[in-house]
Each structure stands twice: as structure tokens, then as C-alpha cells.
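The structure appears below as C-alpha cells.
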Amino acid sequence: MKYLIFFVFISSLLSGVSVAQTTLDVSPKVCVVSEQHDFCDLNLQFKWQQAVVKDVCLYQQNTQIRCWQQQGSGQFSYKARVQVETIYSLINPHTGDSLASVLVEVQSTHTKKQYRLRSPWSFF
């Protein structure tokens, strides 16, 4: 009876732990767009790791960038021209399942001017 209770206790603890967890990190995570350009060129550094060794591919939105076969971790440098927020994902090429994703944000140095529709002294 003691062993049964111990087994149930251990099983309940392990049920909340994800065995096949995959992580994906990118650096830098932010692109700052200046007034002269609507884009920025970045040298992105990707690092990924997964608990289970399997095939994975790195995608930029819907475009495949690179694949690894039977790997548990990896690093990759990629030159990108970024104009809008871009999602990079690790995808299982056999099932199409997304394993991990990361977002590269775009921030602008442009300041938008707000114009008044009426003069400040007008009542209407």
C-alpha cells in the first residue's frame, strides 16, 4: 500500500512537467528604425535547445531558413533585413508542429506630429 501511494504521488508530480520542452532565443530582440530608413539590417544570433533529439527547422514567418537533423541543440547566425515585427519559429518538418517561437520587434524613432483640427480659441 505504501508503494502505491508513493507511485501515485510521484506520477502526479511528473504529470505537470513537460518532457519535450523546446526553447528558442534570439539576440537582438529589438530593431530600431531611423527616420532615414524604413528597415534595419540585423545580425541575428539564434540559440535553441530541446529535451528530445529530433529534426527541426527554423522558419521566418512562412519561409524556411535552415534545418537540423537529429539534433538536441544548436546555434545559428542569420543576417536579416527587418521592416515589421517578425516571428521566428522552430518547427518539426515531419508534422508541421511549432515547437517554439520568438518575436523580433520593430521600434521607430519617428515622432508623429498631431495636428489640431480647430484652433484652441474656437468654441465649435
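As the structure is a prediction and not an experimental result, all values here were calculated from the model. Residues take their numbers from the sequence shown, with the count starting at 1.
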**OP:** Please name the pair of heavy atoms, one in Gln50 and one in Leu99, separated by the smallest distance, quoted to 0.1 Å.
**Re:** OE1-CD1, 3.9 Å
**OP:** May I ask you to check whether over 12 heavy atoms, not counting those of Gln61, lie within 6.0 Å of atom CD?
**Re:** yes
**OP:** Could you pull out the closest heavy-atom pair between Pro28 and Leu42, with the gap in Å?
**Re:** CG-CD2, 4.0 Å
Original post:
Picking from Ile91, Ile65, Ile87, Leu90, what satisfies side chain to side chain contact (heavy atoms under 4.5 Å, CB included) with Tyr59?
Top reply: Ile91
Original post:
How long is the gap from CD on Gln71 to CD on Gln49, to the nearest 0.5 Å?
Top reply: 12.0 Å
Subject >> Leu44 CG to Lys79 NZ distance, which is reported to the nearest 0.5 Å >> reply: 11.5 Å
Original post:
Measuring from Tyr78:OH to Gln60:CD, what's the distance to the nearest 0.5 Å?
Top reply: 4.5 Å
Original post:
Say you draw a straight line from SG of Cys67 to CG of Asp55; how long is it, rounded to the nearest 0.5 Å?
Top reply: 8.0 Å
Original post:
Could you state the interatomic distance from CG (Leu58) to OH (Tyr88), rounded to the nearest 0.5 Å?
Top reply: 8.0 Å
**OP:** Compare every heavy atom of Val106 with every heavy atom of Glu85, then report the nearest pair and how far apart it is.
**Re:** N-CG2, 3.6 Å
**OP:** Could you grab the distance from atom OG of Ser73 to atom CH2 of Trp48, nearest 0.5 Å is fine?
**Re:** 6.0 Å
**OP:** Verify the neighbour count for atom CG of Asn43: are there more than 12 heavy atoms of other residues, nucleotides or ligands below 6.0 Å?
**Re:** yes
**OP:** Say whether Val56 and Phe76 are linked into one hydrophobic cluster, either directly or through other cluster members, by side-chain heavy-atom distances under 4.5 angstrom.
**Re:** yes
